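Throughout, protein chains are lettered first and strands after them, A, B, ... in sequence-line order, and every chain is numbered starting at 1. Keep in mind that what you see is a predicted model, and the values were worked out from it rather than measured.
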Amino acid sequence: MSDSEDDKPLYKRVAPKAPTPIQTPVKIETHDQAFPQKPTNSSADGSKVANVKRSNDRPVKRNVKQEADQDNTPLAKKRKQSNGTTVKKESKPVKKETLADTTSAAASLKRSVSSTTSQKATTAKKAKTAEPAVKETKKSKKAKEEEEEEVYRWWEEDSQKAEDGDDSIKWTTLEHNGVLFPPEYVPHGVKMKYDGKPITLTPEAEEVASFFAALLETDHAKNPTFQKNFFRDWQEVLKQDPRNPEIKEFDKCDFRPIWEKFELDKEKKKQATKEEKQKAKEERMKTEEPFLYAYVDGRKEKVGNFRIEPPSLFRGRGDHPKTGTLKKRVTPEQVTINIGHTAKVPEPPAGHKWALVAHDQTATWLATWKENVNGSFKYVFLAASSAWKGQSDMQKFEKARELKKYVKKIRENYTAELRDKLSETRQRATAMYLIDRFALRAGNEKGDDEADTVGCCSLRYEHVDLIPPNTLKFDFLGKDSIRYENSVDVDIQVFKNIKIFKKQVGPGHMIFDRLTTVGLNKYLNSCMKGLSAKVFRTYNASHTFQQQLDKLTVPTDPISDKMLSYNRANREVAVLCNHQRTVSKSHAQQIEKIKDKIRALKYQNMKLKRQILTLEPALKKKKPELSAEDPDLTEEWMIEYEANLVEKEREKIKQKFEKQNEKLKADGEKPLPESELKERLKAANEMEARLKKERKTGKVACKPTMNVEKLKAAIEKTDAKIKMTIVQETDKEENKEIALSTSKMNYIDPRISVAWCKKYNVPLEKVFSKTLIEKFRWAQNIDDSWIYNE
DNA sequence: TGGTAGACTTAGAACGACTCAG
DNA sequence: CTGAGTCGTTCTAAGTCTACCA
């Protein structure tokens, strides 16, 4: 490793390319073929080997817990009990409240006065401009404009504490109006068919059937696992009421009538008048309004997802064993609210109560519940633009920048440890190499009830092929079952190590059998405080971006070209992180369209050239390129194209004729006779004949005003257009499966973008959407000399 | 120690609004 | 003015990672 290079992210030392007009994705090697989209079931042999998983009997345990109610709703971090800042498990909301109230010692440490006085006093004092809490739903209209301005500029305060420790106090007072439940189910009464006959279902059964019907035209409905899980759960619901017919076979079900009803509804919604739409929107806004904002220490903050997720069929990604399972309606009894102990507790819907009202000051969630499909927790958090999210976002990037100081040493360490005799250490070093160079995720182990996807630590034998002398070929499904396919040259010792590990564990087993993400992260944490595997992804992504941006930006370029460079740098990062999207359904069609456009332009060009030759036949010898044939312009295509041209011409004439007639009619005059139309259509016929002749003879006459010079200029113009369109096509093709947004949103330090915009006078809005601007508010007051790494 | 709960970030799909060529 | 295509937002699934517990 050369000295000058060793602090660059190692992931791809590609020979520096001249900035070509169209950047090809710089994967180290293959990657040329479109990823066989959506990994669906491409897995090599699909067989999971039993002993891969280290756990076995989890599900049962989980269910038991789930069943019990109130008592085991998420108990805000028990670990903190010692100093009494959090809730404990015991029971009943009411009790809890008083309990927390009296025991919140930590709360009274900071800003104790306000937190112990009444809620009203708190709000009034802390936020002179803010409305007295969320409840004032009525008068907030006019306040709207002011609201926008009330951004808490926390990044300008010097009290930027190191704020590590996850159990730190996050707030003193917290007010909000809870969550918005989805509306009750309203039966539509449309009868689906079973065995060809219409059937009547109870509302409960109809609801579930409708979930499926709505997806009828999607891939989900065709997925056997999805069908199976849905059908099982639906039958459960059907059985609960004897009024439901007996439904035994999925294949006899016809959900089409319901699907059609939904289509009709959509159509109607589209057709609605402006006023109706406006009214619906206003209504929606009105119900949402109370939930839009929370008050943290008196400061107004936007809430992210205040809606309780509506019931539906679980749409697991990839080969998820539970996909299609019924996700049940969430009741208030399952929802825990987290709120200041002096704040007014939001009313649960009439006749209901909350699972628990917590006052956990170490947490940033406003509400939480446990979902029934996977038993995982769902949370209501503040929006990305909030101080809480912003601060942790900034910390994330600061952590990544800090890594810069350590990375050289860390790389030296793991490079040396590639030869360690302790296999544990050697595995760790090898994994580090992969994480650092190829931005792999850590790769926690997963259960049997989840899709089989892997990251670095959980890579199995079949996921990496060895191609001597030192090439590794990765092929596995990563997060979201996105396929990672990449062939890379690696350090010879890494190659050897993988070979040894593979041999030791055998097919079906994890390559790093002595390594866990916990162990890896513990090691990393000892290298640098707060360091974990994911920081490398952030670091390498941001570093790559900065580097690419520097390389590609041409200061004298117009803004549009600078943006092109920006997006290319962004694309580099997206490729590094393997951020993909499904190719849009119409992609092929769109490409075809562009190709047609190119051909049409080429056709035009060919005609122009022929005009020159017709004017000056002598040029034929001198300039052979004028008579060169373009392989794109086949005889077959030209015939069709010309037929089209003629047809269009006819249409045009007809339309003009009709328009004229209409006008005459309106003026009370008599219309032109049909014979007139016929006369005019002769022009099109002549055109047809002329084109045909031109094609045969190759001679094309031009307008008398034309000369060779002018024709040449015209050719140049179309040539330029052709080039542009080709660029467009390539760009589209290359971008079809790359998603830029994820890296922009999560991995690229926004300050790099801000500095770049300032330096090159590009408006920030060109680079960030409105929401990103809000999210990255904290990054916007740096000066243009800011650099990712000093 | 290893498994798990819990909280928080990261991810693509789906959806809705906007835009621009025809 | 319309519809296809794009862009931005919303939704929620799927990761990471730490503290805690047996």
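- Of the candidates B:dG12, B:dC8, B:dT10, the closest approach to any side-chain atom of A:Q580 belongs to B:dG12.
- In this structure, A:E267 places its CD atom 10 Å from P of C:dG3, rounding to the nearest Å.
- Residue contacts for A:K593: at a heavy-atom cut-off of 4.0 Å it reaches the sugar-phosphate backbone alone, with no base atom in range.
- Rounding to whole angstrom units, CG of residue A:N521 and C1' of B:dT1 are separated by 16 Å.
- Here the nucleotide nearest the side chain of A:W365, chosen from B:dT10, B:dC8, C:dG5, is B:dC8.
- Side chain A:K479 to base B:dT10: a donor-acceptor pair is found below 3.5 Å.
- Between A:F212 and A:F226, the ring planes are tilted. Angles from 30° to 60° get that label.
- Ring planes of A:Y379 and A:W365: tilted class, angle from 30 to 60°.
- The side chain of A:N444 has C:dT16 as its nearest neighbour among B:dA13, B:dT9, C:dT16.
- In this structure, CD1 of A:I748 is placed 16 Å from C1' of B:dT9, rounded to the nearest angstrom.
- Nucleic acid contact for A:G455: none, since no nucleic acid atom lies under 4.0 Å from a heavy atom of the residue.
- Heavy atoms of A:K732 sit under 4.0 angstrom from primed sugar atoms or phosphate atoms, though from no base atom.
- Using a 4.0 Å heavy-atom distance criterion, A:S741 is classed as making no nucleic acid contact.
- Ranking C:dG15, C:dG5, C:dA14 by closeness to the A:K446 side chain, first place goes to C:dG15.
- Rounded to whole angstrom, the span from the CZ atom of A:R441 across to the C1' atom of B:dG12 amounts to 11 Å.
- OP1 or OP2 of C:dA13 has at least one side-chain nitrogen or oxygen of A:K327 nearer than 4.0 Å.
- At whole-Å resolution of the value, CD in A:E445 and P in C:dC17 are 14 Å apart.
- Heavy-atom contacts from other residues, nucleotides or ligands closer than 6.0 Å to CG of A:D265 number more than 12.
- Toward the 5' end of DNA chain B, the nearer of the two residues A:N746 and A:R284, judged by each one's closest nucleotide, is A:N746.
- Between B:dA7, B:dA11, C:dG5, one nucleotide has an atom nearer to the side chain of A:S586 than all others, and that is C:dG5.
- Within the structure, every side-chain polar atom (N or O) of A:K277 is placed at least 4.0 Å from both OP1 and OP2 of B:dA17.
- Taking the ring centre of A:F381 as origin, the terminal cationic atom of A:K389 falls inside the region bounded by 6.0 Å and 45° from the ring axis.
- Heavy-atom nearest nucleotides on DNA chain C were determined for A:A442 and for A:H320, and the one closer to the 5' end corresponds to A:H320.
- Listed pair A:K534 / B:dT10 meets the phosphate criterion, a side-chain N or O lying under 4.0 Å from OP1 or OP2.
- A:S584 comes within 4.0 angstrom of nothing in the nucleic acid, heavy atoms only.
- Taking the centre and axis of the six-membered ring of A:Y523, the NZ or CZ atom of A:R428 falls inside the cone set by 45° and 6.0 Å.
- Applying the 4.0 Å criterion to OP1 and OP2 of B:dG12, one finds that A:T582 has every side-chain N and O outside that range.
- Here the nucleotide nearest the side chain of A:Y747, chosen from B:dG6, B:dT9, B:dT10, is B:dT10.
- At a threshold of 4.0 angstrom between heavy atoms, the contacts of A:S392 are confined to the sugar-phosphate backbone, with no base atom among them.
- One finds a side-chain N or O of A:H579 lying less than 4.0 angstrom from the OP1 or OP2 phosphate oxygen of B:dA11.
- Residue A:H220 has a polar side-chain atom (N or O) positioned under 4.0 Å from OP1 or OP2 of B:dA14.
- With B:dC8, B:dG6, C:dA14 as the choices, the nucleotide that has an atom nearest any side-chain atom of A:K170 turns out to be B:dC8.
- For A:T742, counting side-chain heavy atoms from C-beta on, the closest listed nucleotide (B:dA14, B:dC8, B:dG12) is B:dG12.
- Salt bridge present: A:K399 and A:E402 bring a charged side-chain N and a carboxylate O closer than 4.0 Å.
- Contact check, A:S532 against C:dC17: a side-chain N or O comes under 4.0 Å of OP1 or OP2.
- Counting only heavy atoms from C-beta on, A:R537 has its side chain closest to B:dA11 among C:dC11, B:dA11, C:dG8.
- Contact annotation: A:R307 reaches the phosphate of C:dC11 (side-chain N/O to OP1 or OP2, under 4.0 Å).
- Taking 4.0 Å as the cut-off between side-chain N and carboxylate O, A:K648 and A:E651 do not count as a salt-bridged pair.
- Residue contacts shown for A:H587 are absent, as no nucleic acid heavy atom lies under 4.0 Å away.
- When each of A:V535 and A:G316 is assigned the nucleotide of DNA chain C with its nearest heavy atom, A:G316 is the one assigned upstream, toward the 5' end.
- To the nearest angstrom, C1' of B:dT1 lies 8 Å from NZ of A:K522.
- Residues A:K279 and A:E282 are not paired through a salt bridge, judged by the lack of any N-O separation under 4.0 Å between the basic side chain and the carboxylate.
- The side chain of A:Y379 sits closest to B:dG6 out of C:dT12, B:dG6, C:dG5.
- Across the protein-nucleic acid pair, A:Y484 atom OH and B:dA11 atom C1' stand 17 Å apart, rounded to whole Å.
- Whole-Å rounding puts the A:L382 CG to B:dC8 P distance at 11 Å.
- For B:dT9, the OP1/OP2 oxygens have a side-chain nitrogen or oxygen of A:K389 closer than 4.0 Å.
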